[in-house]
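Taking it in order: structure first as structure tokens, then the write-up.
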There are 2 protein chains.
Amino acid sequence: MVTTKDIAAHLQLSVSTVGRALADDARISEQTKVRVRQAASELGYVGNRAARMMRGASSNVVGLVIPDVRNSFYSTIAHELSAIMAGEEYQLMLAETFDDRLIERRHLRELSASHAAGVVIAPTPNPHGDSVNLLRGMPHVQLLRRHASLGGQWFGLDDQRALQDATAHLLELGHTRIAYIGASEDLPTGRERLEGYTQALLADGIPPASDLVELGPPASPEHAKEAIRRLLNHPTPPTAVVLGSVQHTVGLLDAALEIGIEVPSELSVVGFGDQSGFSWWGPGLTTISLPIGDVATSCGLWFIRRLNNPPAGNDPYESVSAGWLVPRGSTAAPRAESRKRSA
Amino acid sequence: MVTTKDIAAHLQLSVSTVGRALADDARISEQTKVRVRQAASELGYVGNRAARMMRGASSNVVGLVIPDVRNSFYSTIAHELSAIMAGEEYQLMLAETFDDRLIERRHLRELSASHAAGVVIAPTPNPHGDSVNLLRGMPHVQLLRRHASLGGQWFGLDDQRALQDATAHLLELGHTRIAYIGASEDLPTGRERLEGYTQALLADGIPPASDLVELGPPASPEHAKEAIRRLLNHPTPPTAVVLGSVQHTVGLLDAALEIGIEVPSELSVVGFGDQSGFSWWGPGLTTISLPIGDVATSCGLWFIRRLNNPPAGNDPYESVSAGWLVPRGSTAAPRAESRKRSA
DNA sequence: CTGAAAGCGCTAACAC
DNA sequence: GTGTTAGCGCTTTCAG
């Protein structure tokens with residue numbers, strides 16, 4: 001291992017001069033700087049981060065704290081951030097929480113103990129008080145999900161508008177009994193999405209019916225499977241359903257094939273997010289496509305800049321990206337019989 | 001930050017005694033150890049890893065070097081490893097190579113410079129000499145892919161058998177003109193898979209035809225799209241196709257819908273791997289399901305054990321897991337006309 | 001059994 | 001402009 005000492009000996013200089021030259025200190029002559037830099041690259045000098053960290057510097061590690069990387073939303077995010085970080089000499093630490101606030105806390109402790117340069121986090125529904133404190137001590141930004149206690153820096157989606165558009169699409173087709181299966185309200189995104197669904201109905205003068213709303217854990221396809229069974233056993237079943245999470249969409253698509261629901265004649269379906277395979281399903285899934293990759297990229301670039309030149313204050317910053325409806329075959333006007341029945 | 005010095009002061013001991021007690025040194029009395037341990041936990045002492053690293057210790061970081069985490073194979077692996085590592089006080093560093101050996105080298109340099117505890121790697125087709133040397137200096141294990149120069153520790157799939165089984169399934173149905181679209185031969189897994197395909201044909205007395213084999217970059221769905229067009233424009237087109245990579249499978253499924261290929265009547269298809277959505281596609285995709293999660297788990301557990309008690313030698317260790325055929329609707333006997341034509 | 005002291009590589013105060 | 005020195009928290013001689 002080549003150290004500053006080696007360079008100093010090689011050039012008959014003191015370690016401090018070498019250190020200063022490498023740090024581009026104003027007090028060092030240009031000539032010396034050049035000599036030092038050259039010697040450093042010749043000898044293959046690589047700064048010892050452990051030593052720097054002992055002097056209070058932070059590491060080049062950025063933590064990515066997310067529920068589950070198998071979810072295509074989060075693997076896309078991991079990919080985009082990893083690519084950006086690698087280009088900027090940062091390393092990405094992967095930390096999965098499974099929506100468990102204690103696991104989340106453990107990861108944040110670990111990141112804090114290792115003097116992480118920063119944290120990008122999609123928080124659990126209700127982060128632990130310790131987690132809030134730990135994050136206060138590290139530069140961080142929230143992604144997709146947000147929790148007021150974790151500060152005002154956030155990059156996310158317009159969740160309300162996404163569901164509003166999805167629901168409006170079904171209303172335009174003539175549906176009136178529209179069900180919603182989505183993430184529970186303890187998640188901020190869950191609240192927003194439910195609100196979008198509700199608002200769209202109200203805008204059309206349709207009172208939201210609580211027996212058409214099925215909320216559950218966002219990471220569970222099973223919830224959607226059970227929910228759709230319940231909904232279809234209803235005396236006057238819905239003629240359409242809107243999904244409020246990727247995993248619920250996956251669950252519903254599986255269930256529809258298992259049960260043998262006829263889409264769109266028996267039931268129209270609007271999915272959430274657009275991943276490989278949604279276009280293959282049955283007549284093609286009409287869905288809300290969301291620019292996850294772009295959100296992650298913006299977030300990554302913004303965060304890097306912040307890490308490289310830390311701002312004095314901690315001004316809130318929000319970025320909201322909108323999705324768009326991708327019409328495919330899974331939505332159609334309700335059958336006459338259904339319309340009559342629901343009238 | 002609580003240090004050993006603080007504990008020493010608190011207990012009227014020297015730092016060395018505290019350090020030794022925490023390291024469970026034999027020379028320290030049991031009583032002192034107990035006192036020290038108690039004080040440590042009371043004061044909330046957390047060892048400073050930077051300081052330890054300066055003394056030559058390695059970090060608790062395990063690098064995961066893979067082509068692209070958006071690929072479901074690799075996101076599954078990232079997930080399983082991350083879960084195992086978190087439980088053992090290790091942290092998982094995500095490093096994507098995009099099958100570029102220079103990016104791979106950069107990641108390995110970074111991991112080496114940060115004294116990573118170890119590396120789990122799915123190597124690029126032909127790793128750089130520097131990468132080989134860097135890995136020699138770190139505990140490591142190869143996953144899925146293997147390269148002889150990177151040592152004999154490897155966890156992977158029985159690639160040859162997977163393709164042999166897939167091809168045999170089509171032969172049993174009566175196909176004789178069976179095409180193969182898969183990863184290029186510079187990838188060890190690519191060679192194995194092609195070999196499996198070839199062997200199955202030979203076992204049935206059918207000479208492999210080079211114009212039915214389409215090799216290309218494994219991460220590119222586009223390659224499969226172009227390949228299937230070429231194959232179908234053939235004067236005597238194949239009646240069936242076997243895929244030799246997940247991305248090629250995705251590409252082919254997309255292309256089949258775009259072009260409007262009738263599956264299985266016009267073309268039988270056997271996919272590679274089984275991910276969410278494959279069962280939705282058309283009549284359901286017959287495919288080779290592969291136990292990626294299990295392979296990753298075994299690999300993770302084995303590697304952790306190795307990190308915790310490093311063995312004297314570096315004996316080779318190989319673990320091969322087999323996949324299995326999942327028959328669905330995308331394969332059927334060839335049409336009489338096809339059979340006649342190819343006869 | 002325990003303590004004192006040195007040193008890992010780097011940076012920052014303090015000289016000149 | 002450059003050199004000297006001290007110290008970050010820990011482990012590890014070397015003394016007792």
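Naming convention: chains lettered A, B, ... in sequence-line order (proteins, then strands); numbering from 1 in each chain. Keep in mind that what you see is a predicted model, and the values were worked out from it rather than measured.
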Taking only the side-chain heavy atoms of [X] (C-beta and beyond), determine which of [options] contains the nearest atom.
X: T17(B); options: dT4(D), dT2(C), dC8(C); result: dT2(C)
X: T32(B); options: dC8(D), dC8(C), dT2(C); result: dT2(C)
X: S16(B); options: dG7(D), dG3(C), dT2(D); result: dG3(C)
X: N48(A); options: dG9(D), dG3(D), dG9(C); result: dG9(C)

Without decimals, in angstroms, what is the distance between [X] [atom1] and [N] [atom2]?
X: R20(A); N: dC10(C); atom1: CZ; atom2: P; value: 15 Å
X: R55(B); N: dT11(D); atom1: CZ; atom2: P; value: 8 Å
X: R27(A); N: dT2(D); atom1: CZ; atom2: P; value: 11 Å
X: Y45(A); N: dG9(C); atom1: OH; atom2: P; value: 10 Å
X: R35(A); N: dG1(D); atom1: CZ; atom2: P; value: 16 Å
X: D24(A); N: dG1(D); atom1: CG; atom2: P; value: 14 Å
X: Q31(B); N: dT2(C); atom1: CD; atom2: P; value: 8 Å
X: M53(B); N: dC10(D); atom1: CE; atom2: C1'; value: 13 Å

OP1 or OP2 of [N] less than 4.0 angstrom from a side-chain nitrogen or oxygen of [X], does that happen here?
X: S14(B); N: dT2(C); value: no
X: T3(B); N: dG9(D); value: no
X: R52(B); N: dT11(D); value: yes

Of S29(A) and G19(B), whose closest DNA chain D nucleotide lies nearer the 5' terminus? S29(A)
Both V15(B) and V18(A) contact DNA chain D. Taking the nearest nucleotide for each, which residue is further toward the 5' end? V18(A)
Between M54(B) and L13(B), whichever has its closest DNA chain C nucleotide further toward 5' is L13(B)
Does the side-chain contact (heavy atoms from CB on, under 4.5 Å) test come out yes or no for T3(B) and D6(B), once each step is laid out? CA-CA 5 Å; T3(B) 72; D6(B) 298 328; 3.5 Å; yes
Please tell me whether T32(B) and S29(B) have a donor and an acceptor in their side chains that are separated by less than 3.5 angstrom. yes
H140(B) side chain to L150(B) main-chain N or O, any donor-acceptor pair under 3.5 Å? yes
Residue among R101(B), E104(B), R106(B) satisfying side-chain contact (heavy atoms from CB on, under 4.5 Å) with H128(B):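 It is R101(B), the one option of R101(B), E104(B), R106(B) that forms the side-chain contact (heavy atoms from CB on, under 4.5 Å) with H128(B).
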Looking at E42(A), I want to see if its CD is surrounded by more than 12 non-hydrogen atoms of other residues, nucleotides or ligands under 6.0 Å. yes
